[in-house]
Amino acid sequence: MDQVGIDSTAFRKALLKWYRAEGRRLPWRETDDPYAILVSEFMLQQTQVVTAIPYYHRWLERFPTVEALASASTHDLLALWQGLGLYRRAHNLQRCARMVVDKWGGVFPRSVEGLRELPGVGRYTAGAVASFAYNLPAPVVDGNVARVLSRVLNLQEPIDTPVGQAILWDAAERIARCKQPRLINNALMDLGAVLCKARRPACGRCPVRRVCRAIDAETLPRKRPQPPTQVRVERYWWFYDGARVLLEQRQAAARWGGLWTLPTLDADAPSGRETFVSLRHHIMRFLIDLQVVRGDHASLPQPPAASRLWQPVARLGEVPMPTPHRRVIGLALAAESARL
DNA sequence: AAGACGGGGCT
DNA sequence: AGCCCAGTCTT
């Protein structure tokens, strides 16, 4: 029994036995290439495994090496990330590639401290690359591991606080301090994903049930109360000349940075026009009411501003766009057809 | 400590 | 209709 409150040796032994028999086979576990691992970890930030898998394959086919990614265009980058969300990840991933190429001659740092220098690489991602690519004894605490450890420890402290996080990272560090950190970290995540799930955990089949201190597993982990969802209205222009749609590129630092959307309609300006089509979608804790107002394309300056583009409807697929805008454009085109 | 950043899967 | 998910960075 160590400071974690559990017997780490027994925990690891039972966990690994289970993992060897029932662990998941995932594409990024077939490699020890730090670049491929890094790609997978960026995609998996706040993103479910099943969602990331097709993106991972497409990405490595298009950008098989760190050099290929470093020299890619922003357009190609975003075209491949389109639909995954949290687009800053794509920009940061390329900044990582450029840093590795320019600063370290194409060779990834071999330590957690070095990996942490990369943009968009926090404690979790650095630990993931270090353990998965190099088998270094670095801890990882993601949503799965946090859930598993909070239950094993019967942790009553909320996990989304500095105190809760410190306890989890301490525990993960002790557990990962062993001969097989790569396997242990993968096994911890798989236990969370396969058995120790958020709802209806399969405690009866759990390999570490004799070590686990959870009294009521399903009530863990505890979290601080979340603020309620806020409704927010956003309005955009619909300019359509019968064959082309006017798009606007988002500022790099803004939401959807670098992607193309319908032109924004200044929320303060009372247009007095009625909504042509609308769509509701969630972004984090906001419910966005996306309203589209039909404008007169003949009144627009020619040519359009540099950040704007008349895109042929038949080639909308070539332009990286956030999913809600792609959807609402479909609605608007249908509405145009209905007007005839 | 809180806010910003997306989208899709699951119950 | 909520809640959750292989998080990170800025303020």
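Values reported hereafter were calculated over all heavy atoms of this structure, with side chains retained and with hydrogens, waters and symmetry mates removed. Throughout, protein chains are lettered first and strands after them, A, B, ... in sequence-line order, and every chain is numbered starting at 1.
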Rounded to the nearest angstrom, tell me the gap between atom [atom1] in [X] and atom [atom2] in [N].
X	N	atom1	atom2	answer
Arg326(A)	dG8(B)	CZ	C1'	16 Å
Asp142(A)	dT8(C)	CG	C1'	14 Å
Glu218(A)	dC3(C)	CD	C1'	13 Å
Arg147(A)	dC3(C)	CZ	C1'	12 Å
Trp81(A)	dG8(B)	CH2	C1'	15 Å
Ile159(A)	dA6(C)	CD1	P	12 Å
Arg280(A)	dG6(B)	CZ	P	20 Å
Asp160(A)	dC5(C)	CG	P	12 Å

Would you say [N] has OP1 or OP2 under 4.0 Å from some side-chain N or O of [X]?
X	N	result
Arg285(A)	dA4(B)	yes
Tyr55(A)	dG7(B)	no
Arg224(A)	dA2(B)	yes
Arg89(A)	dA4(B)	no

May I ask you to say whether [X] pairs ionically with [Y], meaning some side-chain N is under 4.0 Å from a carboxylate O?
X	Y	result
Arg29(A)	Asp190(A)	yes
Lys103(A)	Glu117(A)	yes
Glu234(A)	Arg255(A)	yes

Pick base, sugar-phosphate or nothing for [X], based on heavy-atom distances below 4.0 Å to the nucleic acid.
X	result
Arg116(A)	nothing
Thr161(A)	nothing
Gly192(A)	nothing
Leu26(A)	base
Phe286(A)	sugar-phosphate

Closest to side chain of [X], choosing from [options]:
X	options	answer
Thr51(A)	dG9(B), dG7(B), dA6(C)	dG9(B)
Lys223(A)	dC5(C), dC5(B), dA6(C)	dC5(C)
Arg255(A)	dG9(B), dA6(C), dC5(B)	dC5(B)
Arg199(A)	dG7(C), dC3(C), dA6(C)	dC3(C)
Trp256(A)	dC5(B), dG6(B), dT8(C)	dG6(B)
Gln48(A)	dA1(B), dC5(B), dG8(B)	dG8(B)
Met284(A)	dA6(C), dC5(B), dG3(B)	dC5(B)
Arg24(A)	dG2(C), dA6(C), dA2(B)	dA6(C)

Check: Given that Arg200(A) and Tyr87(A) both sit by DNA chain B, which one's nearest nucleotide is further toward the 5' end?
Finding: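 With Arg200(A) and Tyr87(A) compared, the 5'-side residue is Tyr87(A).
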Notebook entry, point to check: What residues in residues 39-47 of chain A put a non-hydrogen atom under 4.0 Å from any atom of DNA chain B?
Noted result: Gln46(A), Thr47(A)
Expected list for residues 318-330 of chain A: side-chain donor-acceptor pairs under 3.5 angstrom, two or more places apart:
| unit_1 | atom_1 | unit_2 | atom_2 | d |
| --- | --- | --- | --- | --- |
| Glu318(A) | OE1 | Arg315(A) | NE | 3.4 |
| His325(A) | ND1 | Leu262(A) | N | 3.2 |
| Arg326(A) | NH1 | Leu316(A) | O | 3.3 |
| Arg326(A) | NH2 | Gln82(A) | OE1 | 2.4 |
| Arg326(A) | NH2 | Val319(A) | O | 2.8 |

Next item on the list: Say whether Ile288(A) and Met284(A) are linked into one hydrophobic cluster, either directly or through other cluster members, by side-chain heavy-atom distances under 4.5 angstrom.
Entry: yes
Next item on the list: Let me know, please, whether Asn92(A) or Ala193(A) comes out on the 5' side of the other along DNA chain C by nearest nucleotide.
Entry: Ala193(A)
Check: Want to settle it: does Ala198(A) or Val121(A) sit nearer the 5' end of DNA chain C, counting the closest nucleotide to each?
Finding: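 With Ala198(A) and Val121(A) compared, the 5'-side residue is Ala198(A).
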Using the [atom1] atoms only, state how far [M] lies from [N], rounded to an integer number of Å.
N	M	atom1	result
dC5(C)	dC5(B)	C1'	15 Å
dT11(B)	dA6(C)	P	13 Å
dC3(C)	dG6(B)	C1'	15 Å

Notebook entry, point to check: Is the side chain of Arg232(A) donor-acceptor paired with the backbone N or O of Asp289(A) at a distance under 3.5 Å, no angle test?
Noted result: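 No; zero donor-acceptor contacts below 3.5 Å.
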Item checked: Ring center gap for Phe63(A) and Trp59(A) short of 6.0 angstrom -> yes
Note to self: Please report whether the ring centroid of Phe132(A) lies less than 6.0 Å from that of Trp28(A).
What the structure shows: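 Centroid distance Trp28(A)-Phe132(A): not below 6.0 Å, so no.
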Check: Mind checking what makes side-chain hydrogen bond (donor to acceptor under 3.5 Å, both in side chains) contact with Thr74(A), not counting sequence neighbours?
Finding: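 For Thr74(A), no residue satisfies side-chain hydrogen bond (donor to acceptor under 3.5 Å, both in side chains) once neighbours in sequence are set aside.
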